[in-house]
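To start, the structure under review is shown below, and the notes come after it.
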Amino acid sequence: MQGLYLHIPFCEKKCVYCDFYSIESTDLMEGFVGRLCTELSLRATTEKPCTSIFFGGGTPSLLSPTQLERILDRVHAGYSIAPDAECTMECNPGTVTLENLKAYRSMGINRLSFGVQSFVAEELSFLARIHSADDADKAMELARAAGFDNVNMDLMFALPPQTLASLGYSIDRMLALGPDHISAYSLIFEPGTPLYAQWKKGHVHPHAEDLDAEMYAYVMDRLGAAGYEQYEVSNFARNGRTCLHNLTYWHADPYIAVGPSAHGLLDNTRYWNHRSLAAWGAKIDAGVLPQANTEVLDRHAQLVEYAFLHMRADGLPVQAAQQRFGIDLRRALQPQLQHWIDAGMVRDTGNTLRLTRDGYTVCDDITVALLDALDRASASATT
Amino acid sequence: MQHFRNFCIIAHIDHGKSTLADRLLERTGRVTKREMVYNQILDDNPLEQERGITIKLHAIQMAHKDADGNEYCLNLIDTPGHVDFSYEVSRSLSACEGALLVVDATQGVEAQTISNLFMAIDQGLEIIPVINKIDLPSAVTTIDNVKQQVIDLIGCKEEDMILASAKAGIGIDEILDAVVKRIPPPTGDPKKPLRALIYDSIFDSYRGVIVNVRVFDGVLREKDKILFMATGQQYDVDEVGVLHMQRHRTGELSAGDVGYFTAAIRRLQDTKVGDTVTLSGNRCASAIEGFREVKPMVFSGIYPADSDDFEDLREALGKLTLNDSAITFEPESSTALGFGFRCGFLGLLHMEIVQERLEREFNQVIVTTVPNVRYRVVTTKGEELWVDNPAQLPNPTLIESLEEPFIRAQIISPTEYIGAIMKLCIDRRGVMLGQTYLSADRVDMTFELPLAEVVFDFYDKLKSNTRGYASLDYEYSDYKSGDLVRMDILLNGDQVDALSSIVHRQKAHEWGKKLCVKLKELIPRQMFEVAIQAAIGSKIIARESISAIRKNVLAKCYGGDISRKRKLLEKQKEGKKRMKQVGRVEIPQEAFLAVLSID
């Protein structure tokens with residue numbers, strides 16, 4: 001598996017909680033598209049087929065069909081793309097048109113991801129979203145009409161104005177639209193965002209841990225009951241429609257990334273591009289890779305990433321870990337593993353050690369204990 | 001010998017002892033102004049300078065010419081200023097014929113000063129009262145009162161007192177003249193067999209132990225074969241000399257002299273403070289009186305934070321005892337903390353100093369347990385046991401009697417705090433033995449208290465309840481039996497041995513409750529509920545519980561978050577490594593000192 005990520009750093013209006021790099025100067029898009037094409041050429045490789053392409057942002061649906069076509073042409077020219085590759089575009093439900101969606105579909109985009117977040121007007125305005133609840137209904141209708149049979153919707157919970165009842169309402173409305181995939185996140189107060197500043201000033205308050213936990217459990221229960229299988233802390237899929245691209249991250253598989261602030265992983269080396277459009281663009285104009293830095297992952301770092309990423313997603317594969325790192329997980333993780341299994345937090349599926357609903361809730365604690373156990377196991381293996 | 005004067009300075013912390021010593025050295029030309037830049041020359045240990053206290057003894061020889069042009073050799077023997085080291089103080093007093101009693105003109109006499117003063121008077125020393133810091137503006141209103149306190153205390157005349165300011169250099173010449181005129185020269189017979197008192201010894205990695213002595217009779221020469229009378233050890237003397245700013249070799253020390261010698265001694269324990277040095281071939285008739293073995297009074301477990309560092313810690317403790325023979329340490333193990341050492345200290349300050357030295361000078365990361373005293377147990381079989389680790393107290397059914405050490409505490413304070421002090425001491429199971437007024441507004445109170453009650457923050461409480469005005473001194477008295485019980489702490493049913501304590505039965509409930517509440521604050525929530533229980537035997541006397549973590553997961557983790565998240569998790573994992581584990585419960589190291597932070 002290998003992914004290709006393209007970061008489109010433009011939004012009509014930034015949301016208060018978002019810490020991804022994006023700017024509101026959409027007039028710079030045309031110049032950006034040209035440079036993005038140049039970066040695609042600079043990084044071009046056909047060594048391995050890409051099994052997924054992901055347009056993230058920002059708001060990639062601000063790209064005109066012509067701009068998208070230019071980018072995709074360059075992708076196909078420089079990279080080998082698997083015939084059944086998943087090709088996702090993030091869309092703002094407020095800015096899609098049937099015409100554009102049809103054009104995207106015809107160019108090979110086969111999966112859409114809508115940042116719906118909530119169906120309650122007060123919550124949407126709290127988040128400074130530009131769309132309405134009805135826009136979300138409409139967007140889904142257009143997506144299906146344009147021929148998309150693989151659609152994700154993002155949902156947020158633990159929003160300060162949200163209650164369990166209003167969360168239930170949003171879930172009802174979302175399930176009624178029948179998305180193939182749902183990403184449901186607990187709101188994070190990220191440093192550097194307006195939301196974070198509001199919190200520090202005492203203007204907004206995160207929910208108490210108990211309510212946050214209750215909402216999370218409620219989300220997992222409702223989506224589970226509706227036939228969505230949880231395969232990551234915040235991700236649920238119906239009919240096996242997991243997001244292949246995100247699974248690339250969570251399985252510690254390689255991915256190429258282009259665009260300002262984009263992070264890639266190739267040959268056990270992480271690289272990250274300059275965050276600002278200007279710094280990124282200047283490097284490209286100078287004909288060099290626009291990356292700010294790289295980090296080579298040693299074996300220990302590889303193991304840590306492999307373990308924590310799998311653990312928070314669809315489970316640690318026992319055999320694969322043995323092959324790649326020579327570690328017998330079932331032995332290395334004792335006695336904690338048995339405690340977790342007894343407490344109903346982890347399930348041994350035979351192939352994987354996988355978090356349950358209760359396990360996902362305390363994923364970070366389990367992960368820290370897991371890493372500690374792996375340290376001890378590798379220490380005793382070397383002595 | 002007529003031109004020798006041996007003296008020391010008795011003063012409370014902060015009353016200006018070290019500054020005065022520095023000034024005397026400067027005036028006699030022993031140090032130059034330039035050397036004075038780094039103030040307080042005698043306190044050469046950085047810890048001493050930070051805390052403003054003298055821990056180890058020092059001595060220095062100065063030359064002084066009086067008005068008639070006679071040359072005198074003055075030996076100033078500095079003394080430690082804390083109650084933990086009162087034995088060392090008594091030994092250094094024995095090496096002198098006189099003492100400067102330094103009292104702060106704005107503060108008055110303090111408990112520490114009084115006990116040392118009485119020790120000096122008992123030993124027949126000539127006392128020269130010095131009222132220091134007279135240049136402080138507030139001294140105008142307090143000085144008469146302070147003078148009266150001193151007069152009442154030692155029965156001197158007002159004109160006997162020297163008014164001085166060490167800081168401003170006022171009264172320094174008068175002090176030097178008084179030392180020469182009022183302190184008698186040493187007596188002793190150089191022709192008698194050698195009889196010298198060890199008042200201090202320090203370890204030098206090149207020359208071995210450097211022994212500081214006061215010679216009473218006879219002469220100590222290089223190449224002499226000497227005998228330490230208490231330890232029975234014999235050595236050949238290498239080097240003999242006196243102490244200026246550095247050691248100054250003279251080849252011999254005669255009766256009345258204060259100086260040092262070396263003899264390739266590798267163990268500080270062989271040169272016990274208070275021991276008598278004599279010649280092995282020509283012994284003196286009797287040892288100098290007053291020697292006793294210094295016994296540790298306060299004990300605590302010291303464990304490496306990372307159990308892999310046990311051997312490093314052993315080595316560090318070993319090195320530390322080279323220049324601090326008062327520490328004792330023995331290996332012990334704890335189910336909670338792994339392998340470590342049970343260490344004995346002279347007192348609480350000594351314990352703190354040792355812990356700090358281990359961390360600063362030896363780079364050890366340590367976990368210490370709550371300090372406790374040593375208990376005397378007589379079993380039903382009639383055996384006597386000394387227990388310095390509460391976890392090792394035998395089962396109550398096997399105990400015939402259980403005794404704990406008591407102290408006599410002297411507290412001097414402005415009278416307005418009498419009520420607060422009474423309350424504190426009674427809360428700590430104290431009994432008042434006496435009370436005298438030093439002046440209309442100053443009282444001297446004596447209490448008998450269990451040492452165990454003083455070990456826990458007594459001094460801090462005394463200070464805070466009297467806005468810093470009360471001063472404390474104490475001496476060990478006796479072992480007395482008490483209605484004591486061992487209180488254990490259980491986490492999810494598992495006993496945490498390092499948190500066991502021995503408490504008075506009547507206080508056990510309240511204490512247990514407070515300790516459980518404190519532990520609830522200090523132990524982070526875990527993935528499961530944690531029950532904290534305090535128990536006496538099998539009886540639970542207090543209980544708290546820590547609810548399980550409800551949710552701990554970061555919702556988002558995409559391509560750009562992975563490095564950051566990995567580092568965050570690794571940091572959390574390192575934090576986890578520093579936790580100690582009992583059963584499945586992880587306990588942060590601070591929790592082992594929880595008792596000390598209970599109000």
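Below, chains carry the letters A, B, ... as their sequence lines are ordered, and counting in each starts from 1.
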If you count the non-hydrogen atoms of other residues, nucleotides and ligands that lie under 6.0 Å from CD in Glu295(A), is the total more than 12?
yes
Locate the shortest heavy-atom distance separating His263(A) from Gly559(B); write the atom from each residue and the value.
CB-O, 3.7 Å
Looking only at Leu370(A), Val362(A), Val233(A), Leu187(A), most heavy-atom pairs under 4.5 Å shared with chain B are made by Val362(A)
May I ask you to check whether over 12 heavy atoms, not counting those of Asn395(B), lie within 6.0 Å of atom CG?
yes
Proximity of residues 540-558 of chain B to chain A, residues having a non-hydrogen atom under 4.5 angstrom:
Ile549(B), Arg550(B), Lys551(B), Asn552(B), Val553(B), Leu554(B), Ala555(B), Lys556(B), Cys557(B), Tyr558(B)
Relative to chain B, which of Tyr255(A), Trp272(A), Tyr360(A) shows the most heavy atom pairs under 4.5 Å?
Tyr255(A)
With heavy-atom distances below 4.5 Å as the criterion, would you say the side chains of Ile562(B) and Leu309(A) are in contact?
yes
Using non-hydrogen atoms only, which part of Ala369(A) is less than 4.5 Å away from chain B: side chain, backbone, both, or neither?
both
Checked Gly3(A), Ala252(A), Ala301(A), Ala257(A) vs chain B; the most non-hydrogen pairs under 4.5 Å come from Ala301(A)
So, the part of Lys571(B) with a heavy atom under 4.5 Å from chain A: the answer is neither
Can you name the residues of residues 298-306 of chain B that have some heavy atom under 4.5 Å away from a heavy atom in chain A?
none
Looking at OG1 of Thr361(A) and CE of Met527(B), how far apart are the two atoms once the value is rounded to the nearest 0.5 Å?
11.5 Å
To the closest 0.5 Å, what do you measure between CG (Asp365(A)) and CZ (Phe528(B))?
10.0 Å
Looking only at Asp364(A), Ile366(A), Thr367(A), Val368(A), most heavy-atom pairs under 4.5 Å shared with chain B are made by Asp364(A)
Heavy-atom proximity to chain B below 4.5 Å, by part of Glu214(A):
both
Partner chain A: residue of Glu586(B), Gln572(B), Lys576(B) with the largest heavy-atom pair count (under 4.5 Å)
Lys576(B)
For Asp375(A) against Lys577(B), the heavy-atom pair lying closest together:
OD2-NZ, 3.1 Å
Structural part of Ile188(A) lying under 4.5 Å from a heavy atom of chain B:
side chain
Where on Asn235(A) is there a heavy atom nearer than 4.5 Å to chain B: the side chain, the backbone, both, or neither?
side chain
Which bit of Asn273(A) is near chain B, if near means a heavy-atom gap under 4.5 Å: side chain, backbone, both or neither?
neither
Is Glu330(B) atom CD crowded by more than 12 heavy atoms from other residues, nucleotides or ligands, each under 6.0 Å away?
no
Heavy-atom distance under 4.5 Å to chain B: side chain of Phe308(A), backbone, both or neither?
side chain
